[in-house]
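Residue numbering restarts at 1 for every chain, and letters A, B, ... go by the order of the sequence lines. Model, not experiment: these values are computed from the prediction.
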Protein chains: 2
Amino acid sequence: MPIELTPSQALGLWHSVSLAQVRVDSRDLTLRQLAILLHIYLVPPPHTVRGLAATLGVTKPVITRALDTMGALGLVDRARDDRDRRNVVIKRTVEGALYLEKFGDLIIDQGRKQPK
Amino acid sequence: MPIELTPSQALGLWHSVSLAQVRVDSRDLTLRQLAILLHIYLVPPPHTVRGLAATLGVTKPVITRALDTMGALGLVDRARDDRDRRNVVIKRTVEGALYLEKFGDLIIDQGRKQPK
DNA sequence: GCGGATCGTTACGCAAGCGTTTCTTTTGCC
DNA sequence: GGCAAAAGAAACGCTTGCGTAACGATCCGC
């Protein structure tokens, strides 16, 4: 069941969600960081630095830094892969799940409030 | 007609749009910048620095800098208010409208592609 | 076990954003 | 006219993110 949106609905939704998020959250993740976070939580694991870099079309240090930042915020965690110790597997956290749950609620709320 | 979304649809939509936007656009606006841009184009003018700052709950320099950045990208323009020359009115540009139009299309496309 | 390949991190110099504070210009009131 | 108030920009020091390049650790075929 796809989501059918008019142009005005699409941008209106993005507008109110961005606005609400800016007002509510001091953390101010970048678009890249948010994309990474969502990818980690919505796509089945395992996730690696290399895989994320390829998925986003960015370099590996970008992923490392984003994981540093979001790790410090408690939104994600890292652990060495025991089967191939060169790899790092990215792990979800309770706090990260909570963060995205709240964010999802915000989207749903703002969606309901969209006129037209 | 509000937009009714399930949690999985809401986050899924945000995920695919963020991902597509990161891959497509090198400009990488911050969430704040995007919120400002959308506000300028979706809410009836006039827009002032002070008004935007109050709307977003941020300080005035944040708005000034965002306008600097997006002005350099051609997404917005500034002009003195002739009726009160202390004010600056923020003006839309063709390129900015185009940018948001493409962004809206991207949201609609990704919405259609959402499963479930 | 050795050498090349792979993975993630770190180092470097640089650009951009932040909050606070300080102008500069303009207004409006006395 | 004179002066406090208001709007926006600029200055300051700091933090964070960027891309490129170099680096250690680990794997794997031989």
message: Between B:T93 (side chain only) and B:G74 (backbone N and O only), is there a donor and an acceptor less than 3.5 Å apart?
response: yes
message: Using side-chain heavy atoms (C-beta onward) and a distance below 4.5 Å, is A:T59 in contact with A:V62?
response: yes
field: Spacing of A:D82 atom CG relative to C:dC7 atom C1', expressed in whole Å
entry: 15 Å
- prompt: OP1 or OP2 of C:dG17 sitting under 4.0 Å from any side-chain N/O of B:T69?
  reply: yes
query: Between CG of B:L19 and NE2 of A:H39, what distance do you get to the nearest 0.5 Å?
result: 6.5 Å
field: Nearest-0.5 Å distance that lies between atom NE2 in B:H15 and atom CG in A:L34
entry: 9.5 Å
- request: Please tell me which of the listed nucleotides, C:dG8, D:dA21, D:dG8, lies nearest to the side chain of A:T64?
  value: C:dG8
field: Nucleotide of C:dT9, C:dC18, D:dC18 approaching A:R78 most closely (side-chain heavy atoms)
entry: C:dT9
query: What nucleotide among C:dC7, D:dG8, C:dG17 has an atom nearest to a side-chain atom of B:K60?
result: D:dG8
task: Let me know the distance between CG of B:L52 and C1' of D:dA7, rounded to the nearest Å.
output: 13 Å
- prompt: Between D:dC18, C:dC7, D:dG8, which one does the side chain of A:R50 approach most closely?
  reply: C:dC7
- prompt: So, is A:Q33 near the phosphate of D:dT16, with a side-chain N or O under 4.0 Å from OP1 or OP2?
  reply: no
message: Please determine whether any donor N or O and acceptor N or O are separated by less than 3.5 Å between the side chain of A:R65 and the base of D:dG19.
response: yes
task: Starting at atom CG of A:L56, determine the distance to atom C1' of D:dG17, rounded to an integer number of angstrom.
output: 15 Å
query: So which of A:L67, A:I90, A:V88 actually passes side-chain contact (heavy atoms from CB on, under 4.5 Å) with A:H47?
result: A:I90
query: Can you find a pair of side-chain heavy atoms, one from B:L73 and one from B:L29, that are under 4.5 Å apart?
result: yes
5' precedence on DNA chain D between A:V58 and B:L67 (nearest-nucleotide basis): B:L67
statement: Considering only heavy side-chain atoms of A:D84, the closest of D:dT26, C:dT21, C:dG8 is D:dT26
Interatomic distance, A:D81 CG vs C:dC7 P [rounded to whole Å]: 12 Å
message: From CG of A:D68 over to C1' of C:dA11, roughly how many Å is that when rounded to an integer?
response: 14 Å
message: Nearest to the A:R85 side chain among D:dC27, D:dA21, C:dT26, which nucleotide is it?
response: D:dC27
message: By nearest heavy atom, map A:A66 and A:R80 onto DNA chain D; which one lands nearer the 5' end?
response: A:A66
query: At under 4.0 Å, does any side-chain N or O of A:N87 touch on OP1 or OP2 of D:dT26?
result: no
query: What is the distance from CD1 of A:I63 to C1' of C:dT10, rounded to the nearest Å?
result: 16 Å
Interatomic distance, B:I36 CD1 vs C:dG17 C1' [rounded to whole Å]: 12 Å
- request: Identify which nucleotide among C:dG17, D:dG19, C:dC7 has an atom closest to any side-chain atom of A:V62, counting heavy atoms from C-beta outward.
  value: D:dG19
- prompt: Going by modelled atom types, is there a donor-acceptor pair between the base of C:dT6 and the side chain of A:R86 at under 3.5 Å?
  reply: yes
